[in-house]
Novice: 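The structure that follows is given in the form of structure tokens.
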2 protein chains.
Amino acid sequence: MELRRIRYFLTLARTLNFSQAARELKISQPALSKAIQQLETEFGGRLVRREGRLTHLTRLGERMHASLQEVEDAAQRAERLASRIAKAETACIRIAIMCTIDPGMVGRCLAQFQQDNPALAIELLDFTAATIQEALLNGKVDVAIIGSPVEAVPRLRTYELFQENMVVSCGAQNRLAHRESIPLKMMAEFPYIDRLRCEFREMILSTVDRNDLSLNVVASSEREDWIKSLLAQDHGISIMPASSAISANLKSVTLQDHDLLRSVYLTIPSGREDHPSVQALIKHARTYNWSGAQD
Amino acid sequence: MELRRIRYFLTLARTLNFSQAARELKISQPALSKAIQQLETEFGGRLVRREGRLTHLTRLGERMHASLQEVEDAAQRAERLASRIAKAETACIRIAIMCTIDPGMVGRCLAQFQQDNPALAIELLDFTAATIQEALLNGKVDVAIIGSPVEAVPRLRTYELFQENMVVSCGAQNRLAHRESIPLKMMAEFPYIDRLRCEFREMILSTVDRNDLSLNVVASSEREDWIKSLLAQDHGISIMPASSAISANLKSVTLQDHDLLRSVYLTIPSGREDHPSVQALIKHARTYNWSGAQD
DNA sequence: CAAGAACCCATGGAACTTCGTCGTATTCGG
DNA sequence: CCGAATACGACGAAGTTCCATGGGTTCTTG
């Protein structure tokens, strides 16, 4: 059973005349005859009674007519859907951004990219570290911007974009707020607000550990906005990337004696670089002046 | 867009692996690759991202998937319907019988025919003279048994089956009931019940007219059963085919001086004789011993 | 009424297109 | 370097189309 033959049959069922149907279909009459015969062989019975000018459907033909019309309708819907999508679909890059990355700095980079490529739509999607790898691999997103390289997944290709300092962040009323920098060991004196489930938590904790210190954790949360809210109310202090620490009622203080750095990476499944738009995005992100944008 | 390609795509969408899908479809991998490429050309965009072991659907592919599944489902329903019909459909002859013909005599003929052809189903349909011609021509019925030949329709082929006498019919209490026969002019003395819309009415009226008689019509109806009911209650007398006049509480009386005959014909659109079952029916009906069945 | 025109559909053969397979190249990952 | 996955090119098979033709019916016309 093929759609072409179904269309032939439906036209014939409407005209009840092989020659006229063939003209409408812009094929020759013998071609139509053969196609109908083929359908009849498939269905195991005559669809049409040929009686000179009295051509008409058999009972089998009548009963199949409705069913075949449904097939044709479904096919037409699919075709219309395809052309609608093809028309509407401007090229679109879907970018996963790890939730620990401040969208501001990435946003500036992407804004500039879109100025250079105005036809390209960009879709930003928020992902956690756990789901970002899966989304990359199954095609839900095209590229990802992450705070720590996904380790031991050979299919993913990772480019480092920039590094930024981790800073101590506290509320504007905190007694640290007017200082430029503090030593790491001073951290222990302050109540600490711990951000869970972020890729730099381990880095912070191990650094503290290595210096035989311990943090006085008074609160913890997965959500950056809640952490910031607690900081603003002076519940404690926390350590976070410099770009995240910029917020109303928050002050950043650098660490004197330790260079806590976190890197931001662009990750893409190997093999997907061939898309020209993705290629352009990678090139733009890697040549972008990130340090200039950090202030 | 062709169903074969749609099936290929659906299998590929399930396996997300060209080679495996090709194996399931029992075609080679290059054939599948080409088919999918062709679909992608038709739809104007990639359906599948080929990334080594990470083959997956693009957004276009995902959106088309549901739509194409519907097409495939509709096609499968049509196929199942066809095979169900083909399996269930015992050959069936549809026979239109004009309402003025007593089904008893025709029924005996058909019963014998079915004994000889047990695999053949017969569908009897009741038609009026006006609609029988159309039903024959548009294929609603295969053959018709009628009381008067359809005039001036060259597409119809007519065979005379038998002739039968018209008789006077009256109730059992009527004073004619015990007679064997009456002269035509005696008809005028009795109230007459006129059957409308039947093919022999004109024949009766013209015969009466030619003999300078006139009937005393006291009631008339299109329906044979109502006529018979009126006759049984002795409302009057009527003239009808001998085979119709056989009924409880009715008596038949022949006409002494006139041979009123009506013929019964089998009619078929020319060109439809080629069906073997219809052919057999025609042969059977024409060689059937109708006069022997009249008693 | 018989011959001819017009129409309807089926069949056969030739040209063409499409489809599938095979062998091969390429790319990627282990 | 090998295996897996896909693409490419060539070739044979199958299917599709067209044209020409023929049988059959209906309509027209002399």
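Throughout, a chain's letter reflects where its sequence line sits, starting with A, and its residues are numbered from 1.
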Novice: How many Å lie between CZ on A:Arg53 and P on D:dC27, as a whole number?
Specialist: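 For the pair A:Arg53 CZ and D:dC27 P, the rounded distance is 6 Å.
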
Novice: Indicate whether OP1 or OP2 belonging to D:dA5 is found under 4.0 Å from a side-chain N or O atom of B:Thr55.
Specialist: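 The answer is no; no side-chain N or O of B:Thr55 sits under 4.0 Å from OP1 or OP2.
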
Novice: State plainly whether the residues A:Arg49 and B:Asp142 are in salt-bridge range, i.e. N to O under 4.0 Å.
Specialist: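 Yes, charged N to carboxylate O under 4.0 Å.
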
Novice: Who passes side chain to side chain contact (heavy atoms under 4.5 Å, CB included) against B:Ala78, sequence neighbours left out?
Specialist: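 So B:Ala78 forms a side chain to side chain contact (heavy atoms under 4.5 Å, CB included) with A:Met1, A:Met64, A:Ser67, A:Leu68, A:Val71.
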
Novice: Pairing donors with acceptors under 3.5 angstrom, does anything connect the side chains of A:Gln112 and A:Asp116?
Specialist: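 A:Gln112 vs A:Asp116: no donor-acceptor pair found between side chains.
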
Novice: At under 4.0 Å, does any side-chain N or O of A:Asn17 touch on OP1 or OP2 of C:dC9?
Specialist: yes

Novice: I need the CD1-C1' distance between A:Ile36 and D:dT16, as an integer number of Å.
Specialist: 14 Å

Novice: What does nucleotides 10-23 of chain C look like as a protein-contact string, B for base, S for sugar-phosphate only, - for none, at under 4.0 angstrom between heavy atoms?
Specialist: BB-B-----SBBBB

Novice: To the nearest 0.5 Å, what is the distance between CG on A:Leu266 and CZ on A:Arg157?
Specialist: 12.5 Å

Novice: Whole angstrom is fine here: how far is it from CZ in A:Arg23 over to C1' in C:dC8?
Specialist: 11 Å

Novice: Could you tell me if A:Glu79 and A:Ser83 have a donor-acceptor pair between their side chains, going purely by distance under 3.5 Å?
Specialist: no

Novice: What pairs of residues pass the side chain to side chain donor-acceptor pair (under 3.5 Å) test when at least one of them lies in residues 9-19 of chain B, not counting sequence neighbours?
Specialist: B:Arg14-B:Glu24

Novice: Could you tell me the separation between the CZ atom of A:Arg49 and the C1' atom of C:dC9, rounded to a whole number of Å?
Specialist: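 Rounding to the nearest Å, CZ of A:Arg49 and C1' of C:dC9 are 16 Å apart.
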
